Amino acid sequence: TQDDALSLAIRQRCSELPELVRSEIENMRLSYALEHIVGVLTQTNKYMEDRAPWKMAKENLAEAGHTLAVVIEVLRVAGVLLF
């Protein structure tokens, strides 16, 4: 399954998130670090609502799985950063 533009954008933002959060923490800007994390989570929530993998699974299980994989990766990264 190929990434669409939104999947790619979320994956890119997620890959940049650790460095962005680290930089904000080093500069004692904890609220900005949290804003970055919440921003990615908000974007991912909209992505999941728009893609509706629970509906997609009825017709295209692989695509639904891909959507969930993108979401799970964002949750993994956000969870580590919040820890």
Side-chain angles (χ1 to χ4, degrees):
T1 300
Q2 289 265 10
D3 274 336
D4 61 9
L6 189 52
S7 296
L8 285 171
I10 290 172
R11 286 181 183 270
Q12 179 67 32
R13 193 168 175 195
C14 186
S15 71
E16 295 168 353
L17 191 59
E19 179 58 31
L20 192 56
V21 168
R22 184 190 64 74
S23 175
E24 296 292 12
I25 290 172
E26 285 178 352
N27 289 306
M28 303 301 287
R29 296 165 35 122
L30 300 180
S31 64
Y32 289 104
L34 287 174
E35 281 182 30
H36 292 303
I37 296 168
V38 170
V40 171
L41 290 171
T42 300
Q43 180 184 21
T44 303
N45 185 57
K46 179 165 179 12
Y47 167 79
M48 186 142 159
E49 287 176 5
D50 291 348
R51 300 282 301 224
W54 52 90
K55 293 179 184 175
M56 188 186 302
K58 295 174 186 171
E59 296 177 14
N60 190 340
L61 191 57
E63 191 65 27
H66 175 74
T67 297
L68 291 174
V70 171
V71 171
I72 289 167
E73 177 61 10
V74 170
L75 292 175
R76 183 191 70 78
V77 170
V80 168
L81 292 172
L82 289 170
F83 180 72

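Heads up: numbering here begins at 1 and tracks the sequence. Computed from a predicted model, the values in this text were never measured in an experiment.
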Taking a hydrophobic cluster as the set of Ile, Leu, Val, Met, Phe, Trp and Tyr residues connected by side-chain heavy atoms closer than 4.5 Å, whether directly or through intermediates, do Trp54 and Met56 fall within one such cluster? no
Between Leu75 and Leu6, is there shared hydrophobic-cluster membership here, with clusters defined by ILVMFWY side-chain heavy atoms closer than 4.5 Å? yes
Flag the pair Glu49 and Lys46 as a salt bridge only when some basic side-chain nitrogen lies within less than 4.0 angstrom of an acidic carboxylate oxygen. no
If hydrophobic residues (ILVMFWY) are linked whenever their side-chain heavy atoms come closer than 4.5 Å, directly or via other members, who joins Leu8 in its cluster? none
Distance check, rounded to the nearest 0.5 Å: Leu41 atom CG versus His36 atom NE2? 13.0 Å
Point-to-point distance, once rounded to the nearest 0.5 Å, from CG of Leu81 to CZ of Arg76: 9.0 Å
Could you state the interatomic distance from CD (Glu73) to CZ (Arg11), rounded to the nearest 0.5 Å? 7.0 Å
Taking side chain as C-beta onward, heavy atoms only, is Leu34 less than 4.5 Å from Glu24? no
Could you tell me which non-hydrogen atom of Ala64 sits nearest to which non-hydrogen atom of Pro53, and how far apart they are? CB-O, 3.6 Å
Please report the interatomic distance OG(Ser7) to NE2(His66), rounded to the nearest 0.5 Å. 4.0 Å
Those residues at least two apart in sequence (or on a different chain) that pass side-chain contact (heavy atoms from CB on, under 4.5 Å) with Gln12 are Ser15, Glu16
If you draw a 6.0 Å radius around CD in Glu26, do more than 12 non-hydrogen atoms from other residues or ligands fall strictly inside? yes
Do side-chain atoms of Asn27 reach the backbone of Ser23 as a donor and acceptor pair under 3.5 angstrom? yes
For a quick check under 3.5 Å, do Thr42 and Asn45 share a side-chain donor-acceptor pair by atom type? no
Calculate, to the nearest 0.5 Å, the distance between atoms CD and CG belonging to Glu35 and Leu20 respectively. 11.0 Å
Starting from Leu30, can I reach Leu82 by hopping between I/L/V/M/F/W/Y residues whose side chains sit under 4.5 Å apart? yes
Under 4.5 Å between any side-chain heavy atoms of Met48 and Val74, yes or no? no
What do you reckon, is OH of Tyr32 surrounded by more than 12 foreign heavy atoms closer than 6.0 Å? no
Nearest 0.5 Å, please: how far is CD1 in Ile10 from CG in Leu17? 12.5 Å
